[in-house]
Every structure is written in C-alpha cells, then in structure tokens.
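This report refers to the structure that appears directly beneath it.
Convention: sequence-line order gives letters A, B, ...; per-chain numbering from 1. The structure displayed is predicted, hence computed values, not measured ones.
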Number of protein chains: 2
Amino acid sequence: MFFYICHMNQKIKSRETQNLIINSAFELFYKHGYNKTSIPEIIKGTGLSKGAFYHHFKSKRSIGEKVIDLTVRKRVYERMVAPLKNLDNAPIIPLLYDVFIKRIEGYSDLEKDLGCPANNLINEIGYSESSFREMLRDIIDHWQEIMVNLLEQGKIKGEIRKNVDTSATAIFLISAFEGVRGIRKVYNNDKILDEYLIAVKSYIEQLA
Amino acid sequence: MFFYICHMNQKIKSRETQNLIINSAFELFYKHGYNKTSIPEIIKGTGLSKGAFYHHFKSKRSIGEKVIDLTVRKRVYERMVAPLKNLDNAPIIPLLYDVFIKRIEGYSDLEKDLGCPANNLINEIGYSESSFREMLRDIIDHWQEIMVNLLEQGKIKGEIRKNVDTSATAIFLISAFEGVRGIRKVYNNDKILDEYLIAVKSYIEQLA
DNA sequence: TAAAAAACATACTGATATGAATGTTTTTTT
DNA sequence: AAAAAAACATTCATATCAGTATGTTTTTTA
C-alpha cells in the first residue's frame, strides 16, 4: 500500500469528482426520473464540464448503473436490509415494526413526495433497460433473502407462526411498502401513508 | 339529435382519428414510458401526420391527460373497480379473490413484464406533473372507495370481521397489488407473483 | 526537469424533440 | 355550387440531447 502513496492524490481527486457527479445524478434521477435528466443538467450543479463527465463515465447508461450500484443499493441496504439482519438477536416483530412502520413515519415531506428511489427506477426503466433490471432485481432479492432469514429465525424462536410462508410474506411486505410509496406520490397529504400504517401494523402482529 | 345527423360523419371521423392516436399513445406510454415516447413515434403507427396530431391535441401533456382519462382510468375501472361494486350482492371474499388473485393469474407475459399502466405513470410522473397527479389520484380514490363500500357491506353481512379497518385494508391491498406489479418488472419469471399470490390469499382469508 | 498521463474545458456534430406556420384536401353549410 | 370550416399534410423554427474531437492544465512518472 505504501508504494502508492505518491499516486494517491490523483486517485482521490478522481474518486471525489466521480462522487460529485454521482450524487448530482442521483438527486436528479430521484426528482425528475432517469429519462428526464440530461447530462448537461447533471454537471450543472457540480461546476464541472461535459468533458469531465465523459472522462469519468462513458455514457448515460453508465452513470445510471453507477448510481444504482453505489447510491440506490446503499440506501435500500442501510435503511431496509441491514436493520433486519438482526446480528444482536433481538425480537423479530419489533424489528419489522422499525423498518416497515417507524421508518415511514420518519420520512421528510420530500421523501414522501418523491417516493422510493429504487422503486421509481424499477417502474420507470425496470423492464426496458436490461442492465438496470438485473441490478435492481439483485437489490430486491437481497432484501427478500434477509427478511426470509429473519422470519425463519423468528419461527425457531417461537416468535413467528410456524405456518407463515416466509418468502411470500417477505414479498408481500416489500410490495405493499413500495406500492404505497408510489401511490403516496399522487397525494399531497399523509392520509394514504396513515392508512397503510394501520394495515401493515395489524398484518405484522398477525404473523406472531 | 336528428338535426345533427348530417354533421355526424365528420364528428365520427374526428373521434375515430383521436382514438387512433390515443390508442397508439397508450401502447407506447405503456411500453416505453411517457417521457421516452415522442409525438413522431405516436403518429408513426397511425399513418397520420404531425399536423393531424396537433389539430386534435394541443400538446404532449394534453394527449397524456386524454390517455389517462380515457384509457388508463377505463382499464383500472373495468378490471379492478367494477367487479367489486357487487351489484348482485355476491359473497365478499370470493370477489376479492377474483380481483386480487385470479386477475393476476390470467395476465399475459407482456402484461407481467410491463406492469400496471396506472402504476407506471404514477411512479414516472406522478409527482412532477400536477395535472396527471390529480387524475391518477382520482383513479386510486375511486378504487379505494368502492373497496371500502364492499368491505363495509361485508361487515354487515357478517362476512368480514368487525374490527377490520376498511380504508386501511383497501389501501394495503391496492398497495401490495401495485407494488408487486412493479417489482415483477425486474424479473423474467413468475416467482415473485406466485409468492405474492400465496401471501395475499392468506391475507384475504384472514379478513373473514 | 522533461515526458507522459490523467483531469479537466471548449467547441462541435448529428440526431431528435416539441410545437408553430402554412398549404392542401375533404366535408359541411348556406 | 360557392363559401366556410374542419381534417388533414408539409415545412420550418428553435431547442436540446448524447456523444465526440480537440484542446489546455495539472499531476505523476522516469
């Protein structure tokens, strides 16, 4: 590692520039969608030029893939997946409450208006762009897998009913969560989220 | 009415041309999304010219509104809302089965791949385009309203538990349905839909 | 310290977009 | 049948896009 110390400045600079562009792109994809966002728009906020963009990324699809891989995946993982890994062997039901209920209650107005970045991309370009599709599917797969582990663990600990289909339950919870975040986008108030919260609360309770 | 018979040819022609354009636009919005679809592309399949398009519709937004109002709303209504109106006083649970389970089982591969037209639009432009937002919200509101009526009717008839929150249940079912249709778009197989079906089946049963 | 390479900026190309302006044909009215 | 209007087609204006080519500056290497 020490051999490269004298080269590190440039690599760090490069990485920082890429992050700058990726962050700007993520914000715009989130606010206006992938197709509505142009490369001139992405670089506008960064103070960089189009030459700089195409030095670091070879195409628009390429920046899309980076945004999904680095930002979107990370967000879903940190917020929805990691808390369900349950490394300290906590009770299952409260964990599900945290992720599927408390998480939503803590959203900002902007996050409510704009929905879930992953779900937005899934719906906008999930089918048409195959490289995106695979990456987005991996995100969902991973999320589901961790939930299945958690629910199976809950069965063993006697906290989840034995006759619960864990794969099905996982997809159902994920679907309802992403679905309501989409539907919320066409409302300007919390009515829809409040109703979802009531229903998902009783659904989770009923798993025990 | 008879006074206008001699004028009807032109009005019918106009209406037919508009429908031709609207149908082409719907297909393309459904396949490629609203933002990816251009007016030249819309008219390409119809044999008409751009002048014809702008004679009948004043802008791209305008055709978007027409597509939502006439085609998208109609589809949701015919498939998901009308069957739940229960005009002939049928049992409630089988009705929910029909709409939220059998309906999905009968989808073509294309419908599975492309998701729900209404949900696609909600997620792509639900927040950014306010005229669209209001129309899409009306579709969901109507759907929810009919479901609430159905579930309340079910309570009276003793087919639905008294402690079921009907508004919350309606939004939960709608969210899960739209959510899974979105998530399915990034898969190439029926795994996700099959799992959803298992879960929603037991959820509906548990309402009784 | 000179050469090489990486990190940028500037200027351009070709394609395509929305929409308007204008011309032509068909239908309706008077 | 002539005039008016509706239903189209053609052409144009303006803007913006993704991506490229070619510069210039800064950093690294030798």
Side-chain angles (χ1 to χ4, degrees), chain A residues 1-25 28-29 31-67 124-125 128-129 131-132, chain B residues 1-25 28-29 31-67 124-125 128-129 131-132:
Chain A
M1 284 299 174
F2 295 101
F3 313 109
Y4 294 105
I5 273 187
C6 47
H7 312 237
M8 267 307 176
N9 277 344
Q10 205 173 43
K11 284 197 177 173
I12 288 172
K13 188 84 191 298
S14 173
R15 196 88 202 116
E16 273 172 0
T17 302
Q18 286 180 50
N19 286 338
L20 202 66
I21 296 170
I22 289 171
N23 290 340
S24 172
L28 290 164
F29 292 165
K31 277 185 191 159
H32 307 131
Y34 175 79
N35 287 321
K36 261 285 180 192
T37 300
S38 67
I39 279 121
E41 214 179 341
I42 290 173
I43 55 168
K44 198 157 57 184
T46 65
L48 292 163
S49 68
K50 201 187 268 197
F53 178 91
Y54 278 99
H55 175 72
H56 290 287
F57 305 95
K58 74 172 209 290
S59 65
K60 190 184 176 185
R61 170 185 300 183
S62 157
I63 182 76
E65 289 168 357
K66 287 289 180 192
V67 164
E124 186 187 356
I125 37 143
S128 43
E129 198 83 41
S131 64
F132 291 3
Chain B
M1 284 299 174
F2 295 102
F3 313 111
Y4 296 106
I5 272 187
C6 46
H7 311 238
M8 266 309 175
N9 276 344
Q10 204 173 43
K11 285 197 175 173
I12 288 171
K13 188 81 190 299
S14 173
R15 196 90 200 114
E16 273 172 0
T17 301
Q18 287 181 49
N19 286 339
L20 202 66
I21 297 170
I22 288 171
N23 290 340
S24 172
L28 290 165
F29 292 165
K31 277 185 192 160
H32 307 131
Y34 175 80
N35 287 321
K36 262 286 180 189
T37 300
S38 68
I39 280 121
E41 214 178 342
I42 291 173
I43 55 169
K44 199 157 54 184
T46 64
L48 293 162
S49 69
K50 202 188 271 193
F53 178 91
Y54 278 100
H55 174 73
H56 290 286
F57 305 95
K58 74 173 208 290
S59 65
K60 190 183 175 184
R61 171 185 301 185
S62 157
I63 182 78
E65 289 168 356
K66 288 289 180 191
V67 165
E124 187 186 358
I125 36 142
S128 43
E129 198 83 40
S131 64
F132 290 4

Measure CD1/A:Ile63 against P/D:dC17 and give the value in whole Å, please.
16 Å
Name all residues meeting the side chain to side chain donor-acceptor pair (under 3.5 Å) criterion together with B:Glu65; count only those two or more places apart in sequence or in a different chain, and write none if there are none.
B:Ser131
In this structure, how many angstroms lie between the P atom of C:dA11 and the CD1 atom of A:Ile43, rounded?
14 Å
Do any N or O atoms of the protein come closer than 3.5 Å to N or O atoms of nucleotides 13-17 of chain C, and which pairs are they?
{"unit_1": "C:dA17", "atom_1": "OP1", "unit_2": "B:Ser38", "atom_2": "OG", "d": "3.0"}

Residue pair B:Ile63 / B:Phe53, side-chain heavy-atom distance below 4.5 Å:
yes
Results of side chain to side chain donor-acceptor pair (under 3.5 Å) for A:Ser14 - residues two or more places apart only
A:Gln18
Which residues pass the salt bridge (Lys or Arg N to Asp or Glu O under 4.0 Å) test with B:Arg61, not counting sequence neighbours?
B:Glu129
Taken in chain and number order and not counting sequence neighbours, the residues that satisfy side chain to side chain donor-acceptor pair (under 3.5 Å) with A:Ser128 are none
Measure from CD1 on A:Ile42 to P on D:dG19 and round the result to the nearest Å.
11 Å
Take the protein atom OH of B:Tyr54 and the nucleotide atom P of D:dA13, then report the distance between them rounded to whole Å.
17 Å
Residues that B:Phe132 engages under ring-ring contact (aromatic ring centres under 6.0 Å, His included), provided they are two or more places apart
B:Tyr34
Figure out the CZ/P separation between A:Phe53 and C:dT10, and round it to whole Å.
17 Å
Grab the N/O contacts between the protein and nucleotides 1-8 of chain D below 3.5 Å, and write none if there aren't any.
{"unit_1": "D:dA7", "atom_1": "OP1", "unit_2": "B:Ser14", "atom_2": "OG", "d": "3.3"}
{"unit_1": "D:dA7", "atom_1": "OP2", "unit_2": "B:His55", "atom_2": "NE2", "d": "2.8"}
{"unit_1": "D:dC8", "atom_1": "OP1", "unit_2": "B:Lys13", "atom_2": "NZ", "d": "3.4"}
{"unit_1": "D:dC8", "atom_1": "OP2", "unit_2": "B:Thr17", "atom_2": "OG1", "d": "2.7"}
{"unit_1": "D:dC8", "atom_1": "OP2", "unit_2": "B:His56", "atom_2": "NE2", "d": "3.3"}

Does anything in residues 37-60 of chain A form a salt bridge (Lys or Arg N to Asp or Glu O under 4.0 Å)? List the pairs, not counting sequence neighbours.
none
Return the set of residues passing side-chain contact (heavy atoms from CB on, under 4.5 Å) with A:Leu20 (not counting sequence neighbours), or none when no residue passes.
A:Thr46, A:Leu48
